[in-house]
Amino acid sequence: MKRLEGELKNKLSAGSAWIRGQIVPISEAVIPVNDWGLTHSDITYDVAPVRNGHFFRLDDYLNRFEDSMKAMRLDPKLSKQDVQNAITGMVAASGLRDSYVAMACSRGVPGVPGSRDPRDCINHFYAWCVPYIEVIKQDVLEAGASLLISETVARVPDASINPRIKNYQWGDFTSGLFEAKDKGFESVILADQNGLITEGPGFNVFAIKGKTVITSSHGVLAGITRMTVLEIAAEMGLGIEVRDLPIKEFLLADEVFISSSGGGIMPIARVNKTDFSNGRIGPLTKEMMNAYWSWFNNPKYTTAIHYD
Ligand code: PLP
């Protein structure tokens, strides 16, 4: 009995899922092959970071998830508190103290067999957590991460797919990633059809010029890390500009960095053929990174998880 319990604990710590009210090892969490989340990419999701046994800005992530579901007319018949209980119980069961915690709501399967009407679908909430993920790994960042601005694929227009609803429609990002990887870059930045910087697969993009932090106003998810960056910049007394950011101007920046719940603030040493901060971490980026991680120790922003 003890041995079985130990085995289950080990499995859960590799990754756990909350699905149909049960907490199970992630490998055992399955959704039907005809779920519209899979067949139509008709799904929204969110990802909240857990560090040192605490959620960071949990309410902001839950609110964004709720807003995304509302905007897509998804209703899993769970309250915000239910979602919080599900993900908190799941992380506690996993024992993970540093975790990437995903929650998703898919359109589900039509209650009327063969129906093509989205209103007939039974919406399905599920969640999963794995050990903390960084969109660019620490050793790559330390060696100097490089990004390519794609020449072959533009970000899907806001008018087609609203980037503020966090989504799995990654066709543009995935094409861009293949292009970047084939050319030896770590990841990709997509511009829109007018040559304005948008974002990358899993991250927002920033330029620092002088004492001003600039980030794109459209074609982007309203990242929670992006919001934190802007708050930190304000605290540091830096200028903030949220606006169109043309590629040409971006490449003239003094420092470039990206932001994501998977890794926080991550310095970028090179974009295309342009080096930034002599391939080192720029001084203002460094200051912001330190501030970002210090906020993870501030009870104002954290929610403790109670492990067994
Ligand atoms: N942009 C996209 C497309 C993303 O998928 C993500 C996060 O996964 C981000 C930006 C960064 O958002 P956040 O800081 O909330 O993680």
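As the structure lists them, so they are numbered: ligands from 1, and atoms in each ligand from 1.
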Taking N or O atoms only and a 3.5 Å limit, does Tyr61 qualify as a polar contact for ligand 1? no
Only one of Ser106, Cys105, Pro76 passes side-chain contact (heavy atoms from CB on, under 4.5 Å) with His124; say which it is. Ser106
Return yes or no for this condition: an N or O of Trp170 is under 3.5 Å from an N or O of ligand 1. no
Are side-chain heavy atoms of Asp98 and Pro131 found at a separation under 4.5 Å? no
Where ligand 1 meets Phe203 - atom numbers and elements under 4.0 angstrom, heavy-atom basis: 1 (N), 2 (C), 4 (C), 6 (C), 9 (C), 10 (C)
State the atoms of ligand 1, each with its element, that fall below the 4.0 Å cut-off from a heavy-atom position in Phe173. 3 (C)
With a 4.5 Å cut-off on side-chain heavy atoms, are Phe257 and Met288 touching? yes
Quick check: are there more than 12 heavy atoms from other residues, nucleotides or ligands sitting under 6.0 Å from CZ of Phe178? no
Counting non-hydrogen protein atoms only, what is the nearest one to atom 14 (O) of ligand 1? Give residue, atom name and distance. Thr225 OG1, 2.6 Å
For the residue pair Trp293 and Phe296, does the interplanar ring angle fall in the parallel (under 30°), tilted (30 to 60°) or perpendicular (over 60°) class? tilted
Would you check whether Gly200 reaches within less than 4.0 Å of ligand 1, judged by its heavy atoms? yes
Is Ser259 close to ligand 1, meaning an N/O of one under 3.5 Å from an N/O of the other? no
Give the atoms of ligand 1, by number and element, whose distance to some non-hydrogen atom of Tyr45 is under 4.0 Å. 5 (O)
Under 6.0 Å from the CZ atom of Arg280, do we count more than 12 heavy atoms belonging to anything else shown? no
Taking the side chain as every heavy atom from C-beta outward, state whether Val229 and Tyr292 have any pair of such atoms under 4.5 Å apart. no
Flag yes if more than 12 heavy atoms outside Lys80 fall under 6.0 Å of its NZ atom; otherwise flag no. yes
Are the side chains of Phe55 and Gln84 in contact, using a 4.5 Å heavy-atom criterion? no
May I ask you to identify the nearest protein heavy atom to atom 2 (C) of ligand 1, giving residue, atom name and distance to one decimal place in Å? Glu199 OE1, 3.5 Å
Give a yes/no verdict on a cation-pi contact between Arg51 and Tyr132, requiring under 6.0 Å between NZ or CZ and the six-membered ring centre and an angle within 45° of the axis. yes
Looking at Gly223, Gly202, Ser260, Ala48, the heavy atom closest to atom 9 (C) of ligand 1 belongs to Gly202
Determine whether the side chains of Thr212 and Glu241 contain a donor N or O and an acceptor N or O closer than 3.5 Å. no
For ligand 1, which atoms, with element, lie under 4.0 Å from some heavy atom of Leu221? 1 (N), 4 (C), 6 (C), 9 (C), 10 (C), 12 (O)
Closest protein heavy atom to atom 11 (C) of ligand 1, given as residue, atom name and distance to 0.1 Å: Asn204 OD1, 3.7 Å
Do Val47 and ligand 1 have an N or O pair less than 3.5 Å apart? no
Numbered in order shown, the ligand 1 atoms found under 4.0 Å of a heavy atom of Ser261 are 13 (P), 14 (O), 15 (O), 16 (O)
Proximity flag Tyr100 to ligand 1, non-hydrogen atoms under 4.0 Å: no
Hey, does Arg64 come in under 3.5 Å of ligand 1, counting only N/O atoms on both sides? yes
Residue, atom name and distance, where the atom is the protein heavy atom closest to atom 8 (O) of ligand 1: Lys166 NZ, 2.5 Å
